[in-house]
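Keep in mind that the numbers below use all heavy atoms, side chains included, and drop hydrogens, waters and symmetry copies. Numbers for residues simply follow the sequence, beginning at 1. All values derive from a computational prediction rather than experimental measurement.
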Amino acid sequence: MAQIQFSRGINEDVVPDVKLTRSRDNTNGTATFYFQNPKALSQSSTDEITGMYLIDEEGELVIKDVKAKFINGKPEALEVFYGMKSVEEWDRFMRFMSRYAEEHGLGFTKS
């Protein structure tokens, strides 16, 4: 069970595009998530976006850097940046992403 939530208890149905970068010495890395028309921004949603929560059997990762993208005054997308400052944080994130990818049909392409 690997889920992404923007409001606690409400799973996001839209599968994001995720871009990963890692330093040459592997001491830190970043992940940028892009959700096009997420459920969290739908007009029927009245829930407040309080962050992005990556939840699996190991627990949760909490990310507070969530930005909405607007087109013609209407919310269209969410962009989330997650910075990892240690090998342990990177490894934990990759374990979550492996589970999430398997459950939601994501693939990985190395550049």
Verify the cluster assignment for [X] and [Y]: are they in a single hydrophobic cluster under the rule of side-chain heavy atoms below 4.5 Å apart?
{"X": "Ile4", "Y": "Val15", "result": "yes"}
{"X": "Val80", "Y": "Val18", "result": "yes"}
{"X": "Tyr34", "Y": "Leu78", "result": "no"}

Note to self: Determine whether Val66 and Met52 satisfy the following criterion, side-chain contact (heavy atoms from CB on, under 4.5 Å), listing intermediate values before the conclusion.
What the structure shows: CA-CA 7 Å; Val66 178; Met52 185 171 81; 4.2 Å; yes
Is [Y] close to [X] at the side-chain level, that is, under 4.5 Å between some pair of heavy atoms?
{"X": "Arg92", "Y": "Leu61", "answer": "yes"}
{"X": "Ile55", "Y": "Glu60", "answer": "yes"}
{"X": "Phe6", "Y": "Phe35", "answer": "yes"}
{"X": "Tyr100", "Y": "Leu54", "answer": "no"}

Shortest non-hydrogen separation from [X] to [Y] and the atoms involved:
{"X": "Leu20", "Y": "Ala31", "answer": "CD2-CB, 3.6 Å"}
{"X": "Ala77", "Y": "Pro38", "answer": "CA-CD, 4.1 Å"}
{"X": "Pro75", "Y": "Leu41", "answer": "CB-CD1, 3.8 Å"}
{"X": "Lys67", "Y": "Asp65", "answer": "CE-OD1, 3.5 Å"}
{"X": "Thr21", "Y": "Trp90", "answer": "O-CZ3, 3.4 Å"}
{"X": "Thr27", "Y": "Ser23", "answer": "N-OG, 3.2 Å"}

Note to self: Checking Gln36 against Val14 for the side-chain contact (heavy atoms from CB on, under 4.5 Å) test, could you report, in this order, the C-alpha distance in whole Å, the side-chain angles of both residues, the deciding distance, and whether it holds?
What the structure shows: CA-CA 8 Å; Gln36 185 67 43; Val14 172; 5.5 Å; no
Backbone N/O of [Y] and side chain of [X]: donor-acceptor pair under 3.5 Å:
{"X": "Glu102", "Y": "Ser98", "value": "no"}
{"X": "Ser86", "Y": "Glu89", "value": "yes"}
{"X": "Glu12", "Y": "Lys39", "value": "yes"}

Note to self: Would you say that more than 12 heavy atoms from the other residues, nucleotides or ligands in this model lie under 6.0 Å from the CD of Glu57, or not?
What the structure shows: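 Check passes, neighbour count above 12.
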Checklist line | Over 12 non-hydrogen atoms of neighbours within 6.0 angstrom of NZ in Lys64 | finding: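 Above 12, so yes.
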Check: Looking at Phe33 versus Tyr82, is the centre-to-centre ring distance below 6.0 Å?
Finding: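 No.
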Checklist line | Step-by-step side-chain contact (heavy atoms from CB on, under 4.5 Å) determination, Thr32 to Glu79 | finding: CA-CA 7 Å; Thr32 305; Glu79 188 173 55; 4.1 Å; yes
Check: Just how far is it from atom CG of Asn11 to atom CD of Gln5, taken to the nearest 0.5 Å?
Finding: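 Result: 4.5 Å between the selected atoms.
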Checklist line | Met97 CE to His104 NE2 distance, which is reported to the nearest 0.5 Å | finding: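 Here the rounded value is 10.0 Å.
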Item checked: salt_bridge(Glu48, Arg8) N-O dist < 4.0 Å ->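 No, this pair does not count.
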Notebook entry, point to check: Arg22 and Val87: side-chain contact (heavy atoms from CB on, under 4.5 Å), yes or no, with the steps?
Noted result: CA-CA 10 Å; Arg22 194 164 188 194; Val87 173; 4.2 Å; yes
